[in-house]
Amino acid sequence: MHVLHVVGARPNFMKAAPVYRALASRGHEQTLVHTGQHYDAQMSDVFFKELDIPEPNENLNVGSGSHAQQTASIMSRFEPVVLARVPDIVLVYGDVNSTVAAALVCSKIGIRIGHVESGLRSFDRSMPEEINRLLTDQLADMLFTPSADGDENLVREGIAKDKVFFVGNVMIDTLIRLLPRADAVFPKLKAELSLDSFGLITLHRPSNVDDEAVFLTMLEVLDSLSQELPLIFPVHPRTHMKWSARLEKCNPNLRVIDPLGYPEFLALQKHAKVVITDSGGIQEESTYLGTPCLTLRENTERPITVTMGTNVLIGRNWELLRNRFYLALNATHERKIPPPLWDGKAADRIAGILSR
Ligand code: UD1
C-alpha cells in the first residue's frame, strides 16, 4: 500500500509522526507532502528533526495568505503532485487549511481520503477550523476519531458508521513517546529561563489576537496575574506580527519568548502550575499531564478535556480566570485517568486498520 500524508501547520506534524512510524514498521510505501502553510524554522523544520520523521518528499511552499488564497494555492499545487504519486490513500490531519484543501483535491479525482482527528466539533462556525472539520469529514472515506464524542457527531451528520473508527488520540502518542526527552531537557531549560514556579501562556486564535480591544484587555489581565506567578509566553508568529511592540512593554514577569521546540514546550507544560491557552492541542496535552488548563475560548471542540480532564472554559470571564488561576496556584497536580484510548497506541490502530 502507498500512503501519502499531507501536513502543513505546526500541530499536523505531531499527529502525522506516529502514524508515519507505525506504517513504516509495517513496510508500507509512504510519501510526505508539506504544503508550506507554516514555513518558519521554529514553526516547521525543528519538528521534523525532533519527531524523527524524514524530510518531506515534496514541499508546496504555499506560505501565508487569506484563507481563500492559501486554500486555493494548496489545491492547485497539490493536485499535480498527488496525480504523479498515485497513492492508494491520502491521510490528512486535524483541521487546518492544508487539511481541507488536500481533501477537496482528492475527492474530485477519486483518491481515497483518511482523516485523522475526525469528528471534533466546536459548533462554532465563526472558527475557520470548524468549517475545515465539517467539510473534511464529509469528504473522507475513513474517519479516525480521538474520542467517542467524535463518533456521535459524525453519525449525527449522516456519515455511515462503517467509515468511522474510534482509534484514540495520535497527539498523545507523540507526547508519551517524547516525555523522556522533555524530562531530559527540562533542567537546562529551567536554568536558562531562571524558572522556579511558573505558568505558561499561548495565544494565537484570530478571535483573541486580531481585535485590538480584545487582545489588549486580555494582555492587561495576564500582565496583572504575572505579578503573582511568572508567566512564560512563547509567542506564535501571528501574535508576534501584530503585537511585538506592545509585548515588549509587558512587565518582566510576563516573559515573552520565541516559539519553542516540542520537548521544551512539553517540559514547560508538565511543570507549569497552570496553562492559559486558546490552542486545541494544548487542552489535550494538559489533560493527559494533569496540568490545570484555562482556555480563553467560549467553546471547545474537545469537550472530553473538560468532562474528564483539567480544562476549564474561561471565555472572557476575567473573574473566573482569576479564581481558577489562584486555585491552580495553590494546588498540586492531580493526574486523572486519561480519556479512553489516549494510551500511546492510536497510530498503531490506524496502521492496523489501513493494513486490513
Ligand atoms: C494555523 C491554523 C490553526 C492552528 C495554527 C497552529 C488554519 C486556518 N489555522 O493558524 O488552526 O491552530 O495554525 O499554529 O489553518 N506565520 C509566520 N510563520 C509561519 C507561519 C505563519 O510568520 O511559519 C504568520 C504569517 O504572518 C501568517 C500568520 O502567521 O499570515 C498566520 O498563519 P496561518 O497559517 O494563516 O494561520 P495560524 O494562525 O498559524
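All of these numbers come straight from a predicted model, not from anything done at the bench. Atoms within a ligand are numbered from 1 in the order they appear, just like the ligands themselves.
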Next on the checklist: Suppose we measure from atom 24 (C) of ligand 1 to each protein heavy atom; which comes out shortest, and what is that distance?
Outcome noted: Pro237 CB, 3.8 Å

Checklist entry - Using the ring of each side chain (for Trp, its six-membered ring), is Phe186 parallel, tilted or perpendicular to His271, with breaks at 30° and 60°? => result parallel

Item to check | Close side-chain approach of Thr295 and Thr300, heavy atoms under 4.5 Å | outcome: no

Item to check | Close side-chain approach of Thr174 and Val170, heavy atoms under 4.5 Å | outcome: no

Next on the checklist: Give me the residue, atom name and distance of the protein heavy atom closest to atom 2 (C) of ligand 1.
Outcome noted: Val96 CG1, 3.7 Å

Checklist entry - Hey, does Arg316 have a side-chain heavy atom less than 4.5 Å from the side chain of Trp318? => result yes

Checklist entry - What is the nearest protein non-hydrogen atom to atom 27 (C) of ligand 1, stated with its residue, atom name and distance? => result Ser64 OG, 3.2 Å

Would you list the atom pairs, donor with acceptor, under 3.5 Å between side chains in residues 347-356 and any protein atom, with sequence neighbours excluded?
residue: Arg349; atom: NH1; partner: Val167; partner atom: O; Å: 2.6
residue: Arg349; atom: NH1; partner: Asp343; partner atom: OD1; Å: 3.3
residue: Arg349; atom: NH2; partner: Asp343; partner atom: OD1; Å: 3.2
residue: Arg349; atom: NH2; partner: Asp343; partner atom: OD2; Å: 2.3
residue: Ser355; atom: OG; partner: His28; partner atom: NE2; Å: 3.0
residue: Ser355; atom: OG; partner: Ala351; partner atom: O; Å: 2.6

Checklist entry - How far is atom 39 (O) of ligand 1 from its nearest protein heavy atom, and which residue and atom is that? => result His38 NE2, 2.7 Å

Next on the checklist: Can you name the atoms of ligand 1, numbered from 1 with element, that are less than 4.0 Å from a heavy atom of His204?
Outcome noted: 4 (C), 5 (C), 6 (C), 12 (O)

Checklist entry - Going by the order shown, which atoms of ligand 1 are within less than 4.0 Å of some heavy atom of Arg205? => result 11 (O), 12 (O)

Next on the checklist: A quick test of your reading: do over 12 heavy atoms of other residues, nucleotides or ligands sit less than 6.0 Å from CD of Gln227?
Outcome noted: yes

Checklist outcome for this item: Counting from 1 in the order shown, the ligand 1 atoms closer than 4.0 Å to a non-hydrogen atom of Met43 are 23 (O)

Item to check | Residue, atom name and distance, where the atom is the protein heavy atom closest to atom 8 (C) of ligand 1 | outcome: Asn97 OD1, 3.3 Å

Item to check | atom 6 (C) of ligand 1: nearest protein contact (heavy atom, Å) | outcome: Pro11 CD, 3.5 Å

Next on the checklist: Tell me the contacting part of Met241 for ligand 1: side chain, backbone, both, or neither, using a 4.0 Å heavy-atom threshold, strictly below.
Outcome noted: side chain

Checklist entry - What's the spacing between Asn299 CG and Glu130 CD if we round to 0.5 Å? => result 8.0 Å

Checklist outcome for this item: Interatomic distance, CG@Leu134 vs CG@Asp95, rounded to 0.5 Å, equals 10.5 Å

Next on the checklist: Give me the nearest non-hydrogen protein atom to atom 11 (O) of ligand 1 as residue plus atom name, then the distance to 0.1 Å.
Outcome noted: Glu129 OE2, 2.5 Å

Next on the checklist: Parallel, tilted or perpendicular: which one describes the rings of Phe215 and Trp243, with boundaries at 30° and 60°?
Outcome noted: parallel

Next on the checklist: Within the structure, is a non-hydrogen atom of His240 found at a distance of less than 4.0 Å from ligand 1?
Outcome noted: no

May I have the list of side-chain donor-acceptor pairs in residues 198-208 shorter than 3.5 Å, sequence neighbours left out?
residue: Thr202; atom: OG1; partner: Thr277; partner atom: OG1; Å: 2.6
residue: His204; atom: ND1; partner: Asp278; partner atom: OD1; Å: 3.4
residue: Arg205; atom: NE; partner: Asp278; partner atom: O; Å: 2.9
residue: Arg205; atom: NH1; partner: Glu129; partner atom: OE2; Å: 2.9
residue: Asn208; atom: ND2; partner: Asp278; partner atom: OD2; Å: 3.1
residue: Asn208; atom: ND2; partner: Leu296; partner atom: O; Å: 2.9

Checklist entry - Does ligand 1 have an atom under 4.0 Å from some heavy atom of Gln42? => result no

Checklist entry - Where on His236 is there a heavy atom closer than 4.0 Å to ligand 1, on the side chain, on the backbone, on both, or on neither? => result side chain

Checklist outcome for this item: Note: ligand 1 atoms sitting under 4.0 Å from heavy atoms of His67 are 8 (C)

Item to check | Protein contact to atom 31 (C) of ligand 1 [nearest heavy atom, distance to 0.1 Å] | outcome: Arg238 NH1, 3.4 Å

